[in-house]
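Here's the structure we're looking at; comments come further down.
A, B, ... follow the sequence lines: proteins, then strands. Residue 1 opens every chain.
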There are 2 protein chains.
Amino acid sequence: MSRTIELTLTDVSAAEHSDASVIEHAKGLAPQFKALADENRLAIVLLLSEHSRTVRELTEATGLAQTLVSHHLAPLRELGLVSVTPKGRSNVYSLCCDAFSAPMRALAGLSNPVEHNGCC
Amino acid sequence: MSRTIELTLTDVSAAEHSDASVIEHAKGLAPQFKALADENRLAIVLLLSEHSRTVRELTEATGLAQTLVSHHLAPLRELGLVSVTPKGRSNVYSLCCDAFSAPMRALAGLSNPVEHNGCC
DNA sequence: TGCTATCAACAGTAAATACTGATATTACTT
DNA sequence: AAGTAATATCAGTATTTACTGTTGATAGCA
């Protein structure tokens, strides 16, 4: 019960980057990780990776207060990780694009990473 | 200048997971993201993805205070993301294993993710 | 034109987290 | 044995961030 996915990446090969460039890179990358670092925000993202949902649906699925769901959606929106489409009096949220949702769906299927501890 | 890597994953296919299981999964996954969410910790991890280093080397490479580097290494250690090997009076840190360092090296080579904003 | 559902923004509080400086510990060096 | 280099821990402060309750705005519905 496993499969193989492919990710196309900029080549990093054996090339060493300067320390300074690695640190610059960390600064650019950290906000994305931060957006996924909160378990409630991550739950929202994973739920959206299945299919688009309204705020109300997210509120029901997570059991969180509506105001808290909106609160978490705001930074995801600002980072461009999710997009909004008004529909009637609802707001339908979707993951931004496949470039993001594909890896997220992959993560959603990862076997429990907590049990990774002590692997080496 | 790009290449394709393969990741073998537990099958997530089209199967919808229950909301509850997705939320459970988020709880298990969030700590790993949290460990990478701080730009200084991420810098340390990316530096270690190139090769193992002592605390002193990490301190020099990052420009951070030694005590702060040690402070950040502690949670990475507890999560099992890095491992320590005493060598002389130094402590050599390495990324835990290939399962982790391979994706991290890939990330280190990703083109700037900040410019992702507004893609869709 | 009220009425209600859906959502976002605001203000305040509580809690977590990053940082600093000082200190203790261990292992080399002379 | 004394001195020093390398590191971790501890206590304290500052900052960030998550959360709650209230309120205001918009859009459908009766």
Length of the CD-C1' vector between A:Glu78 and C:dA8, whole Å: 12 Å
Show your working on side-chain contact (heavy atoms from CB on, under 4.5 Å) between A:Leu58 and A:Leu73 and close with a plain yes or no. CA-CA 10 Å; A:Leu58 287 172; A:Leu73 285 170; 4.2 Å; yes
Nearest-Å distance for atom pair CG/P, residues B:Leu58 and D:dA6: 14 Å
Looking only at heavy atoms, which two atoms of B:Cys96 and B:Gly80 are closest? And how far apart? CB-O, 3.1 Å
Calculate the interatomic distance between A:Glu39 atom CD and D:dT17 atom C1'; express it in whole Å. 14 Å
So which atom in B:Ala61 and which in B:Leu47 form the shortest heavy-atom distance, rounded to 0.1 Å? CB-CD1, 3.8 Å
Side-chain N or O of A:Tyr93 versus OP1/OP2 of C:dT6: is the shortest distance under 4.0 Å? no
Ignoring hydrogens and angles, tell me if any N or O in the side chain of A:Arg53 forms a donor-acceptor pair with the backbone of A:Ile44 under 3.5 Å. no
Picking from D:dC29, D:dT7, D:dA5, which would you name as closest to the side chain of B:Arg89? D:dA5
Does B:Arg89 have any side chain to side chain donor-acceptor pair (under 3.5 Å) partners at least two apart in sequence or in another chain, and if so, which? none
Kindly write out the residues that satisfy side-chain contact (heavy atoms from CB on, under 4.5 Å) with B:Glu60, not counting sequence neighbours, or none if the list is empty. B:Arg56
Taking only N and O in the side chain of B:Asn91, is any of them less than 4.0 Å away from OP1 or OP2 of D:dA6? no
Audit row: B:Thr67, B:His71, side-chain contact (heavy atoms from CB on, under 4.5 Å) steps and yes/no: CA-CA 6 Å; B:Thr67 187; B:His71 174 76; 5.7 Å; no
I need the CZ-C1' distance between B:Arg53 and D:dT7, as an integer number of Å. 18 Å
What is the separation between atom CZ on B:Arg56 and atom C1' on D:dT4, rounded to the nearest whole Å? 13 Å
Base, sugar-phosphate, or nothing: which does A:Ser90 touch, judged by heavy atoms less than 4.0 Å apart? sugar-phosphate
Extract from the structure each pairing of a protein N or O with an N or O of nucleotides 17-21 of chain C at less than 3.5 Å, listing the distance.
from: C:dA18; atom 1: OP1; to: B:Arg41; atom 2: NH1; distance (Å): 3.1
from: C:dA18; atom 1: OP1; to: B:Arg41; atom 2: NH2; distance (Å): 2.8
from: C:dA18; atom 1: OP2; to: B:Arg41; atom 2: NH1; distance (Å): 3.3
from: C:dC19; atom 1: OP1; to: B:Asn40; atom 2: ND2; distance (Å): 3.1
from: C:dC19; atom 1: OP2; to: B:Asn40; atom 2: ND2; distance (Å): 3.1
from: C:dC19; atom 1: OP2; to: B:His72; atom 2: NE2; distance (Å): 2.8
from: C:dG21; atom 1: O6; to: B:Thr67; atom 2: OG1; distance (Å): 2.9

Between CG of A:Leu42 and C1' of D:dA18 the distance, given in whole Å, is 15 Å
Spell out yes or no: do the side chain of A:Gln66 and the base of C:dA8 have one donor N/O and one acceptor N/O closer than 3.5 Å? yes
